[in-house]
Amino acid sequence: MTAEAEGLFELPALASPPADGLRATAPLAVRMRPRTLDEVVGQAHLLRPGAPLRRLVEGGAAASVVLYGPPGTGKTTIARLLGTVDTRHFVALSALSSGVRELREVIDGARRRRDRHDQQTVLFVDEVHRFSRTQQDALLGAVEDRLVLLVAATTENPSFAVVAPLLSRSLVSQLRSLTEDEVRELLRRAVTEPRGLDGSVTLSAEAEAALVRLAAGDARRALTALEASADGVAATGGEVIDVPAVERAVTEATVRYDRQGDQHYDVISAFIKSIRGSDPDAALHYLARMLVAGEDPRFVARRLLVHASEDVGLADPTALQAAVAAAQAVELLGMPEARLALAQATVHLATAPKSNAMIVAIDEAMADVRAGAVGAVPAHLRYGRYSGAKELGNAVGYRYPHATPEGVLEQQYPPDALVGRDYYRPARHGGERTLRERLAQLRRAVRGG
């Protein structure tokens with residue numbers, strides 16, 4: 001071999017992998033993932049000394065657990081910490097890409113590992129709410145026998161997202177969104193720690209406040225936005241992350257809203273309750289959250305239609321008209337123009353006087369009917385335009401209200417069993433205040449006395 005050829009086929013020495021298994025190219029949120037319980041920020045209510053979840057992580061107990069909470073609150077982190085106990089083997093599956101076959105393979109492997117090495121398997125299932133009932137049922141036997149220690153993570157309410165048999169065999173731990181101070185602590189740690197940005201940039205107080213606000217309690221979102229901002233600053237040779245740098249890196253906050261999940265129901269519930277509570281500003285906030293997240297504007301319009309009668313009613317007779325007009329505008333215009341009509345109807349209903357007299361009235365009337373309080377229609381009100389009707393007494397004795405100057409006269413209208421039963425009881429404010437006085441007069445005229 002010639003001197004020129006020497007070393008031609010020799011490979012250069014490879015750099016040793018990092019001790020923690022994470023390379024510098026890994027996302028900042030991954031590099032900053034807590035390695036011990038002491039590094040976890042937030043969730044103090046679940047990880048305090050002696051708490052069941054902490055005992056699980058420390059290896060002092062063995063029970064399956066469902067981790068329920070918003071994105072970026074530490075579900076995956078806690079699951080991985082549960083797998084760091086020496087006597088446990090950690091396996092992770094995503095409900096998006098795994099099926100019954102993969103579950104059975106994991107369970108078979110867990111059985112071999114238990115029998116041969118006396119080692120328990122921690123099975124982490126991310127987004128367990130995406131598993132079908134059949135897939136969740138496939139876990140029951142292994143969880144029941146503690147063949148696997150199941151750690152299921154979900155952003156959905158487990159009462160709806162997890163089958164009851166699996167739920168009853170698991171400890172349910174609800175994680176909370178991080179507070180602003182907790183997000184701020186994470187950001188400062190990421191800026192200074194060697195596995196983070198290692199002090200390569202500094203974060204202005206204003207930019208920090210912007211990132212905290214943008215995160216909305218989501219640690220992953222905060223760290224992702226910080227990393228994008230730092231990359232932008234580094235690309236221009238700068239060293240300080242300011243508000244413009246954050247704005248350049250993050251164009252719009254991602255709205256935490258799942259049209260098929262409990263966030264969908266939580267936000268629309270808050271929307272309606274804000275209107276009912278006469279807070280137009282809060283109502284507009286929730287309306288904006290739905291529209292920015294891509295909620296079907298027709299769904300919002302339908303809820304406004306219901307609310308107009310359920311919570312406003314005749315306290316403001318124009319409320320239903322405003323809701324109907326908004327619904328028509330949605331059909332005729334579509335988005336984004338329809339947002340104006342929805343906002344207008346929202347403010348109209350939120351600022352209108354409120355009365356639930358209409359829903360109380362119809363619900364009480366229907367409850368009586370279901371309970372059997374129906375009775376025969378009074379003979380004088382029955383249909384009488386057919387041969388033989390008079391012989392049966394139908395329509396005989398009916399008095400025509402328009403025959404009187406007042407347009408109202410004394411006459412029995414309900415069945416005998418319901419005479420004197422008041423369903424509609426107007427409120428004492430708004431348009432129903434006047435209606436209340438008129439209704440009292442009408443009832444005296446119709447019922448007599």
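Residue indices begin at 1 and follow the sequence shown.
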For [X] and [Y], which heavy atoms make the closest approach, and how far apart are they?
{"X": "Gln136", "Y": "Val128", "result": "NE2-O, 3.6 Å"}
{"X": "Ala308", "Y": "Leu320", "result": "CB-CA, 3.7 Å"}
{"X": "Ser98", "Y": "Leu93", "result": "OG-CD2, 3.7 Å"}
{"X": "Val143", "Y": "Ser64", "result": "CG1-OG, 3.5 Å"}
{"X": "Ala190", "Y": "Leu223", "result": "CB-CD2, 3.6 Å"}
{"X": "Glu156", "Y": "Ala161", "result": "CB-CB, 3.8 Å"}

From [X] [atom1] over to [Y] [atom2], what is the distance, rounded to the nearest 0.5 angstrom?
{"X": "Thr154", "Y": "Asp126", "atom1": "OG1", "atom2": "CG", "result": "9.0 Å"}
{"X": "Leu439", "Y": "Leu314", "atom1": "CG", "atom2": "CG", "result": "10.5 Å"}
{"X": "Asp145", "Y": "Leu140", "atom1": "CG", "atom2": "CG", "result": "10.5 Å"}
{"X": "Leu442", "Y": "Leu435", "atom1": "CG", "atom2": "CG", "result": "8.5 Å"}
{"X": "His429", "Y": "Asp316", "atom1": "NE2", "atom2": "CG", "result": "11.0 Å"}
{"X": "Leu149", "Y": "Phe90", "atom1": "CG", "atom2": "CZ", "result": "10.5 Å"}

For this session: Keeping to residues at least two apart or across chains, list the salt bridge (Lys or Arg N to Asp or Glu O under 4.0 Å) pairs with something in residues 334-349.
Result: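 The answer is none; no pair qualifies.
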
Partner residues of [X] under the side chain to side chain contact (heavy atoms under 4.5 Å, CB included) criterion, sequence neighbours left out:
{"X": "Gln328", "value": "Val324"}
{"X": "Pro415", "value": "Leu418"}
{"X": "Ser200", "value": "Leu197"}
{"X": "Ser274", "value": "Ala282, Ala283, Tyr286"}

Counting only heavy atoms not in [X], do more than 12 sit closer than 6.0 Å to its [atom1] atom?
{"X": "Asp422", "atom1": "CG", "value": "yes"}
{"X": "Gln344", "atom1": "CD", "value": "no"}
{"X": "Arg189", "atom1": "CZ", "value": "yes"}
{"X": "Met366", "atom1": "CE", "value": "no"}
{"X": "Arg113", "atom1": "CZ", "value": "yes"}
{"X": "Arg443", "atom1": "CZ", "value": "yes"}

Exercise. Sequence neighbours excluded, which residues qualify as side chain to side chain donor-acceptor pair (under 3.5 Å) partners of Arg276?
Worked result: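 So Arg276 forms a side chain to side chain donor-acceptor pair (under 3.5 Å) with Asp311.
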
For this session: Taking side chain to side chain donor-acceptor pair (under 3.5 Å) as the test, write out the residues that go with Arg188, two or more places apart.
Result: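 If we apply the side chain to side chain donor-acceptor pair (under 3.5 Å) test to Arg188, skipping adjacent residues, the hits are Glu208.
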
Quick one: does any side-chain atom of [X] pair with a main-chain N or O of [Y] as donor and acceptor, under 3.5 Å?
{"X": "Glu39", "Y": "Arg35", "result": "yes"}
{"X": "Arg436", "Y": "Arg428", "result": "no"}
{"X": "Ser204", "Y": "Ala207", "result": "yes"}
{"X": "Glu432", "Y": "Ala427", "result": "yes"}
{"X": "Gln174", "Y": "Asn157", "result": "no"}
{"X": "Arg303", "Y": "Val300", "result": "no"}
{"X": "Arg114", "Y": "Gln120", "result": "no"}
{"X": "Glu227", "Y": "Leu28", "result": "yes"}
{"X": "Thr121", "Y": "Leu123", "result": "no"}
{"X": "Lys354", "Y": "Ala352", "result": "yes"}

Problem set entry | Sequence neighbours excluded - side chain to side chain donor-acceptor pair (under 3.5 Å) pairs with any residue from residues 100-109 |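 For residues 100-109, and leaving out neighbouring residues, the side chain to side chain donor-acceptor pair (under 3.5 Å) pairs sorted by first residue read Arg101-Glu105, Asp108-Arg111.
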
Problem set entry | side chain to side chain donor-acceptor pair (under 3.5 Å) partners of residues 230-246, not counting sequence neighbours, each pair once |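 Output for this query is empty, none listed.
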
Output side-chain donor-acceptor pairs under 3.5 Å for residues 162-170, partner residues at least two apart or in another chain, one line each.
{"residue": "Ser168", "atom": "OG", "partner": "Ala164", "partner atom": "O", "Å": "3.4"}
{"residue": "Ser168", "atom": "OG", "partner": "Pro165", "partner atom": "O", "Å": "2.9"}
{"residue": "Arg169", "atom": "NE", "partner": "Glu144", "partner atom": "OE1", "Å": "2.3"}
{"residue": "Arg169", "atom": "NH1", "partner": "Pro165", "partner atom": "O", "Å": "2.7"}
{"residue": "Arg169", "atom": "NH2", "partner": "Glu144", "partner atom": "OE1", "Å": "3.2"}
{"residue": "Ser170", "atom": "OG", "partner": "Leu166", "partner atom": "O", "Å": "2.9"}

For this session: Applying side-chain contact (heavy atoms from CB on, under 4.5 Å), run through Thr346 and Phe271 and close with a yes or a no.
Result: CA-CA 9 Å; Thr346 295; Phe271 174 64; 3.4 Å; yes

Close side-chain approach of [X] to [Y], heavy-atom, < 4.5 Å:
{"X": "Leu333", "Y": "Leu340", "result": "no"}
{"X": "Leu175", "Y": "Ile78", "result": "yes"}
{"X": "Val148", "Y": "Val91", "result": "no"}
{"X": "Leu178", "Y": "Gln43", "result": "yes"}
{"X": "Arg195", "Y": "Met32", "result": "yes"}

For this session: Applying side-chain contact (heavy atoms from CB on, under 4.5 Å), run through Glu331 and Arg298 and close with a yes or a no.
Result: CA-CA 8 Å; Glu331 295 294 340; Arg298 294 173 298 179; 3.2 Å; yes

Exercise. Taking only residues two or more places apart in sequence or in another chain, which ones pass salt bridge (charged side-chain N to carboxylate O under 4.0 Å, His left out) with Asp115?
Worked result: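 In terms of salt bridge (charged side-chain N to carboxylate O under 4.0 Å, His left out), with neighbours along the sequence ignored, Asp115 is linked to no residue.
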
Problem set entry | Which residues share a salt bridge (charged side-chain N to carboxylate O under 4.0 Å, His left out) with Arg425, sequence neighbours left out |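 If we apply the salt bridge (charged side-chain N to carboxylate O under 4.0 Å, His left out) test to Arg425, skipping adjacent residues, the hits are Glu364.
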
For this session: Kindly indicate, with the supporting measurements, whether the criterion side-chain contact (heavy atoms from CB on, under 4.5 Å) is fulfilled by Val246 and Glu206.
Result: CA-CA 10 Å; Val246 174; Glu206 294 80 8; over 6 Å; no

Problem set entry | Donor + acceptor pair across side chains of Ser132, Gln135 (<3.5 Å) |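 Result is yes, a qualifying pair exists.
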
For this session: Could you check Thr318 against His348 for side-chain contact (heavy atoms from CB on, under 4.5 Å), going step by step and ending with a plain yes or no?
Result: CA-CA 9 Å; Thr318 66; His348 185 133; 3.2 Å; yes

